[in-house]
Trainee: 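The following block contains the structure, expressed as C-alpha cells.
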Amino acid sequence: MQAALMGSFATRQNKPLRLQEGTAFMQSGWRKELSENFTGPVVLPSITAGLVAGVLTVTFMFSYSAVIFTGELSGYVPRATGQLLFGGVVIALVIGLFSELRGVVALPQDNPTAIIAVMIATLSQLPGGALSNEMLFAQAVVIMVLSTALAGVIFYLVGRWRLAAFVQLIPYPVVAGFLAATGWLLFKGSFSVMAEETFDFARLSALAEVAHLWLPGTVFALVTLFVSLKYTNVFIMPGLIIGAVALFHAILFLTGTSSEEAIDQGWLLQPFGDGALWQPVPLTTYLSADWTLFVTEFTGLATILSIALISVLLNLTALESAFNRDIDVHREMRVAGLANILAAPGGSLVGYHYVSLSTLGQRMRGDSRLVGLVVAVFCLLTMTVGAGALSVFPKFVLGGLVMFIGLGFLYDWVVKSWSNLRRGDIAIIFAILFVVEFIGFLEGVATGVAAALVLFVINYSKINVVRLAMEGSSFGSNVDRPDDHRKVLSAEGQKILYLKLHGFIFFASSIKLYEEVVGALLRKEGAPEFIILDFQQVSGLDTSAVHGLVKIKKKALEVGTQLALAHVPEEINQLLHEEEFLDGDAVIEPIFKDADSALEWCEDFLLRTAGIDPNIKSLLIDDQLEKIFEIKSDVEGFRSYLKEMKFAEDDVVSEPGNERRMLLFIEQGTISIYLRELDGENHRIRSTGSGSMVGVASFFRQGNVGALALAIADSHGTAHVLTDAAFERMKSEDPDLALKFQTYALEYVSERLADNLRTLSLILRLEE
C-alpha cells in the first residue's frame, strides 16, 4: 500500500505500571535518549537513515497530493504537498520522540488519498458546476482536516479506553504475511522510483526496456542486503549509500554529463521547485467550504476513519514483530492520536507509524530517536525552503534502498519462515501475498485472517473435548462406604461412565463428542445406565454444540441411558434451558454442582437397584472397636480413652489451624471433609458416616500439628473422640493396646491410599 504509490508518484512526475513508565518517559526520558544518541555510535547511521527516509518522505507527500488533485486541480499540488509536509513534521516529531519504538518513522499515510480523490471527483461533477476549483480545494482541505482530527480523537480514545487489545488476537502467520506483503509492495514500488515503470507481470517487456535504470539499483539492494546480514558495523550502511552517490556523480563528471541531462535520461529526480511550499490554512478556506455536502460524504469519511484505525493497529502489530519486542499498544494509540490532533489544523492527512521506513534505521544499525527527528527536520526545511536539493540523489540509490527494505522483509518473513513455521502457516503467508498482488492489500490481510480461522477450526476440531473417560468400577465418589456397598459398586460400576469435558465446544468438536458418546451407548457389553458430563473445564458452547447435545440426549433416550450434568456454568445452563435440553426422561435434574455429587447420586441408585439402602446405618462404638480388637478387654480398655461428642448439622468439627489433634469415630450421622481451594471454595474430598474414622492422617503426623482439612457435619450425630493427650496416656499405660491401634490405623490409611493411587494411575494413563 505504501510502496504502491511510489509508482503513482513516478508516473505523475512525468506527468498502569506501563502507563506510569510511559508518562515519565514522555516528560523527560526522550531528552536523555537524544543526548546519548548524539554522542553515541548510532549518530551517523541514524542521521543517514533519517536523511534517506526524509527524501523518500518528500516524494511520498508529492505523490499523495498528485493522487488527490488531478486535472484542473493539479495546480494545487504544491500547496497540498506543503500541508502534508507540515503533517510530516508534527507526526514524525511527536511519535518519533514519544513512541516506545526507537527509530520509528511516522508520517501521513496513503490510505485516505484514493478515497478523498473519489470524493472530490464526485463533488466536481455536481450539476451546473456548482463548485469552483478554489471551492473544491477548500472542500478537500476541510475533508483532510476533519478526517485527521477525528482520527486523532478516535486513536486517543481507543488507547485511553484500552480498546486496542484485540490487535493481539491477530494470528502470527497473518502478521508475517502482512510484513511479507509490505516487502513485496516495496520491492515492486522500487522499480517505479528507479525506472518510472510499474512492475507488472503482464508488462515485464516494458520493464526490460528500461533495465539500464533499475539494474544498478537492484545490484545496490542485493549488495546492501548481503552486507547487512553478514556484518554489523554501524558505519557500513552509511558508507555504502555515500559511496554509491559519490560514484554516480563521479561517473557523471568523467563522462561530461550534466545534471539536466541526467534528469532527462531518468537517473536523477526531477526538481520539485524551490521556495516555501506550506501556507497556513486560512479561516476563509473553512468559511468557503459547503458544510452541508459533508452529510452526503459521511460514507467517505467513515471509510477513511475505519481503514485508518485498522491500518494503524496492523502496523503496530507488524512493528512489534519487526522490532522483536513488546510494546504498549494503548500508549502508542494515544501518542498517535495526539500527533494527528496537532497535525490536523495544518491540513495534513491521517498519519501514524510507517512500517517500511521505521525498519530502515534498524537495518542500518541506527535505531535511535534521531531518525524520526531528522525526518521531521528534513520535512520542515523542505516545506519552508524548498525541495530543489533533492535532485542530488540518484534514483537508483533511492529505489535500491526501497528494494533493500522490501527484500529484507521478504527474507525475514518468507525465507526464514519456511524453516520455522508449519506448512499451513506458510500457505497463509503465500495466500496473503497472492491476494495482495492480484486484488488488494486489505483484502489480502482479510484473506489471511479468514485462512487462519479456517486452519484454527480444522486443528482445534482434532482436539478431543473429552479430557477423561472413566467407568465407575475404576473409581468412586468421595463417600466412605462400607465393604458390602463397595463390593456391589465394584461389580456394577461399569454402568456409570464419567466424561470430563474441556475447552470450547463448537460445531466441529461437538461431532467428535457425539461419536464418542454414541460409541459408548452402542458398545457390545451394553450401554451404561448413567453418563456423567462434567463441564467444569468447558469455557463455552456454540449453537451447533448445543444441538449436538440434544442429539446425544435423543440417542441416550433410545437405549435407556440417563445423562447427569455437573459443573455447568450459568451461561451454558441458559443455553441448555433455551433448547429445552433438560426436559424429558433422559436427563437427571437438577444439574449437579460437581462431578462427585453426580457420581454419588448414580452410586446410590445402583445400590438401591441391588436391594441395598445407600444410607449407612448407625454402628455403635463397641461394634466398631470389635472389628479392630479381637479381645473384649482391649475394646473396653480402648473405650475408656474416648470421649463422646455430639454435633449438629453444619457444625465445624475440625478445621486447619486448630493445634489440637483428635481422631473421631463416627457412631451416628455424616461428616464431610473439605479442602479449601485458592479461590476460597471448599472442595469435598470425602464424606464419612457411621463406622468411619475422621482425622487419622493428621492425628499420627509428626511435626506440625493440627487438622489438615475442614470437617463439617452434614447432619446431627454422635462421635467418639480420641485426643492426642489421651493417646499419650495410652502409650504409657498400655503400650500393647496403642501398638494394636496404630497397626490398624496404618492398614486403614494404606487401603484408602491404595484406592487413590489406582485412580491416579488410571488418570495419568488417560492423560498420556
Side-chain angles (χ1 to χ4, degrees), residues 476-482 485 536 566-567 590 592-601 603-604 614-621 623-625 628 638-730 741-742 744-745 748-749 751-753 755-756:
S477 67
N478 292 323
V479 178
D480 196 358
R481 300 185 184 276
H485 291 197
Q536 184 179 17
H567 270 129
F592 296 95
K593 65 176 183 178
D594 53 42
D596 186 55
S597 300
L599 188 57
E600 179 184 352
W601 190 96
E603 288 176 346
D604 289 347
N615 297 314
I616 302 174
K617 298 179 181 179
S618 298
L619 186 63
L620 298 177
I621 185 61
D623 295 333
Q624 296 181 43
L625 296 179
I628 303 175
F638 191 87
R639 176 77 169 77
S640 65
Y641 290 98
L642 303 179
K643 292 183 179 180
E644 184 179 284
M645 180 182 74
K646 299 287 186 180
F647 55 83
E649 184 177 354
D650 295 331
D651 279 354
V652 176
V653 179
S654 65
E655 59 182 333
N658 185 357
E659 296 184 358
R660 180 186 175 192
R661 286 190 297 180
M662 59 182 185
L663 191 153
L664 279 66
F665 296 84
I666 302 178
E667 186 175 62
Q668 184 181 10
T670 58
I671 296 176
S672 289
I673 313 300
Y674 298 91
L675 281 181
R676 282 206 176 109
E677 300 293 334
L678 294 177
D679 57 4
E681 294 291 329
N682 294 328
H683 177 67
R684 190 182 78 166
I685 59 173
R686 188 180 167 201
S687 178
T688 62
S690 182
S692 299
M693 292 192 297
V694 176
V696 180
S698 60
F699 187 80
F700 289 101
R701 186 166 62 110
Q702 298 298 317
N704 295 329
V705 297
L708 296 173
L710 178 67
I712 300 177
D714 297 322
S715 63
H716 69 279
T718 304
H720 295 268
V721 182
L722 176 65
T723 63
D724 52 351
F727 187 64
E728 291 298 323
R729 283 194 298 109
M730 185 190 305
F741 176 65
Q742 283 180 309
Y744 173 79
Y748 184 89
V749 173
E751 182 179 353
R752 279 149 182 78
L753 178 61
D755 289 340
N756 293 336

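Note: hydrogens, waters and symmetry copies are ignored here, and every other heavy atom, side chains too, is used.
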Trainee: Side chains of Met662 and Ser654, heavy atoms from C-beta outward: is any pair under 4.5 Å?
Mentor: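 With C-beta onward as the side chain, the pair touches.
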Trainee: Quick check for you: to the nearest 0.5 Å, what is the distance between Arg481 atom CZ and Ser692 atom OG?
Mentor: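 It is 11.0 Å, given to the nearest 0.5 Å.
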Trainee: Rounded to the nearest 0.5 Å, what's the gap from OG1 on Thr718 to NZ on Lys646? Could you check?
Mentor: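 If we round to the nearest 0.5 Å, Thr718:OG1 and Lys646:NZ are 3.0 Å apart.
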Trainee: For Val696, does its backbone N or O pair with a side-chain atom of Tyr748 as donor and acceptor, under 3.5 Å?
Mentor: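 Not confirmed, Tyr748 side chain does not pair with Val696 backbone.
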Trainee: For residues Leu722 and Phe699, report the shortest heavy-atom separation together with the two atoms involved.
Mentor: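 Nearest heavy atoms, Leu722 then Phe699: O-CE1, 3.3 Å.
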Trainee: Apply side-chain contact (heavy atoms from CB on, under 4.5 Å) to residues Gln742 and Phe727 and explain how you reach the verdict.
Mentor: CA-CA 10 Å; Gln742 283 180 309; Phe727 187 64; 3.7 Å; yes
Trainee: Please check this pair: side chain of Ser715 against backbone of Thr670, looking for a donor-acceptor N/O pair closer than 3.5 Å.
Mentor: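 It does hold such a pair.
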Trainee: Using modelled atom types only, decide if a donor and an acceptor are shared between the side chain of Thr688 and the backbone of Ile671 within a distance under 3.5 Å.
Mentor: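 At least one qualifying donor-acceptor pair exists.
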Trainee: I need the Asn478 CG to Ile673 CD1 distance, nearest 0.5 Å.
Mentor: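 Between Asn478 CG and Ile673 CD1, I get 10.5 Å after rounding to 0.5 Å.
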Trainee: Nearest 0.5 angstrom please: Asp651 CG to Asp714 CG, how far?
Mentor: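 Here the interatomic distance stands at 11.0 Å.
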Trainee: Between Leu664 and Met645, which heavy-atom pair has the shortest distance, and what is it?
Mentor: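 Scanning both residues completely, I find the closest heavy atoms to be CD2-CE, 3.5 Å.
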Trainee: Look at the side chain of Gln624 and the backbone N and O of Leu619, then say whether any donor-acceptor pair between them is shorter than 3.5 Å.
Mentor: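 Between the backbone of Leu619 and the side chain of Gln624 there is a qualifying donor-acceptor contact (under 3.5 Å).
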Trainee: Indicate the atoms forming the closest heavy-atom contact of Leu599 with Gly476, along with that distance.
Mentor: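 Where Leu599 meets Gly476 most closely, the heavy atoms are CD2-C, 3.3 Å.
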Trainee: Output the distance between atom NE2 (His720) and atom CG (Leu620), rounded to the nearest 0.5 Å.
Mentor: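 Separation between the atoms: 8.0 Å.
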Trainee: If you take all heavy atoms of Phe700 and Ala745, which pair is closest and at what distance?
Mentor: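 Closest approach of Phe700 to Ala745: CE1-CB, 3.6 Å.
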Trainee: Can you check whether Glu600 reaches Arg684 side chain to side chain, under 4.5 Å on heavy atoms?
Mentor: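 They are in contact (side-chain heavy atoms under 4.5 Å apart), so the answer is yes.
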Trainee: Grab the two heavy atoms, one from Ala598 and one from Ala566, that are nearest each other, plus how far apart they are.
Mentor: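 Residues Ala598 and Ala566, closest heavy atoms: CB-CB, 4.4 Å.
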Trainee: Can you classify the ring geometry of Phe741 versus Phe638 as parallel (below 30°), tilted (30 to 60°) or perpendicular (above 60°)?
Mentor: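 Tilted, since the angle between the ring planes falls between 30° and 60°.
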Trainee: For Glu649 and His716: C-alpha separation, side-chain torsions, deciding distance, then whether side-chain contact (heavy atoms from CB on, under 4.5 Å) applies.
Mentor: CA-CA 5 Å; Glu649 184 177 354; His716 69 279; 5.7 Å; no
Trainee: For the atom pair OG (Ser690) and NZ (Lys617), what is the distance rounded to the nearest 0.5 Å?
Mentor: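 Spacing of OG (Ser690) from NZ (Lys617) equals 11.5 Å.
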Trainee: Of the non-hydrogen atoms in Glu667 and Ile621, which two are nearest, and what is the gap between them?
Mentor: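 Heavy-atom minimum between the residues: OE2-N, 2.9 Å.
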Trainee: Are Ser477 and Asp596 side-chain neighbours, meaning at least one heavy-atom pair lies under 4.5 Å?
Mentor: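 Yes, close enough: below the 4.5 Å cut-off.
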